[in-house]
Peer 1: 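Encoded as structure tokens, here's the structure I'll be asking about.
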Amino acid sequence: SIAIGAGSSVNAGSTSSVALGVNNSVTGSNSGAIGTGQVVNGNGSFAIGDPNTVNGNASFVYGDIIAVNGGSTFGI
């Protein structure tokens with residue numbers, strides 16, 4: 001796992017995850033956050049944009065100010 005950017009973090013137990021950008025947070029395995037202010041809580045989930053929130057497994061968000069609360073969801 002890797003975090004690059006001011007204030008970005010990847011939880012210690014989040015294997016194979018990445019946070020790129022500013023103030024991103026990833027707390028799931030095989031997950032990622034790219035952009036600013038992303039919050040990703042779930043395994044196999046990704047957020048790209050500015051600022052999005054994903055609370056669920058196997059979900060993907062692309063865009064700005066999108067919230068997903070549930071698994072297997074795609075948001076634009």
Peer 1: For Asp64, what residues pass the side-chain contact (heavy atoms from CB on, under 4.5 Å) criterion, not counting sequence neighbours?
Peer 2: Asp50
Peer 1: Knowing that exactly one of Asn55, Asn41, Val54 qualifies, which makes a side-chain contact (heavy atoms from CB on, under 4.5 Å) with Asn69?
Peer 2: Asn55
Peer 1: If I compare all heavy atoms of Ser45 with all of Ala58, which pair ends up nearest, and what's the gap?
Peer 2: OG-N, 3.2 Å
Peer 1: Tell me which pairs pass side-chain hydrogen bond (donor to acceptor under 3.5 Å, both in side chains) where either residue lies in residues 11-24, with sequence neighbours left out.
Peer 2: Thr15-Ser29
Peer 1: Under the 3.5 angstrom rule, does the side chain of Ser8 hit a backbone N or O of Ala3 as a donor-acceptor pair?
Peer 2: no
Peer 1: Closest approach of Val26 and Ser31, non-hydrogen atoms and distance?
Peer 2: CG1-CB, 3.8 Å
Peer 1: Which residues pass the side-chain contact (heavy atoms from CB on, under 4.5 Å) test with Ile2, not counting sequence neighbours?
Peer 2: Ile4, Val18
Peer 1: Looking at Pro51 and Gln38, what are the two nearest heavy atoms and their distance?
Peer 2: C-OE1, 4.0 Å
Peer 1: What pairs with Asn43 under side chain to side chain donor-acceptor pair (under 3.5 Å), at least two apart in sequence or on another chain?
Peer 2: none
Peer 1: Nearest heavy-atom pair of Ser9 and Ala19: which atoms, and what distance?
Peer 2: O-CB, 3.9 Å
Peer 1: Residues in side-chain contact (heavy atoms from CB on, under 4.5 Å) with Val68, at least two apart?
Peer 2: Ser59, Val61, Ile66, Thr73
Peer 1: Quick one: ring-ring contact (aromatic ring centres under 6.0 Å, His included) pairs with a partner in residues 21-73, sequence neighbours left out?
Peer 2: Phe60-Phe74
Peer 1: Taking the side chain as C-beta and beyond, is there a heavy-atom pair between Ser25 and Val40 under 4.5 Å?
Peer 2: no
Peer 1: Nearest 0.5 Å, please: how far is CD1 in Ile48 from CD1 in Ile76?
Peer 2: 10.5 Å
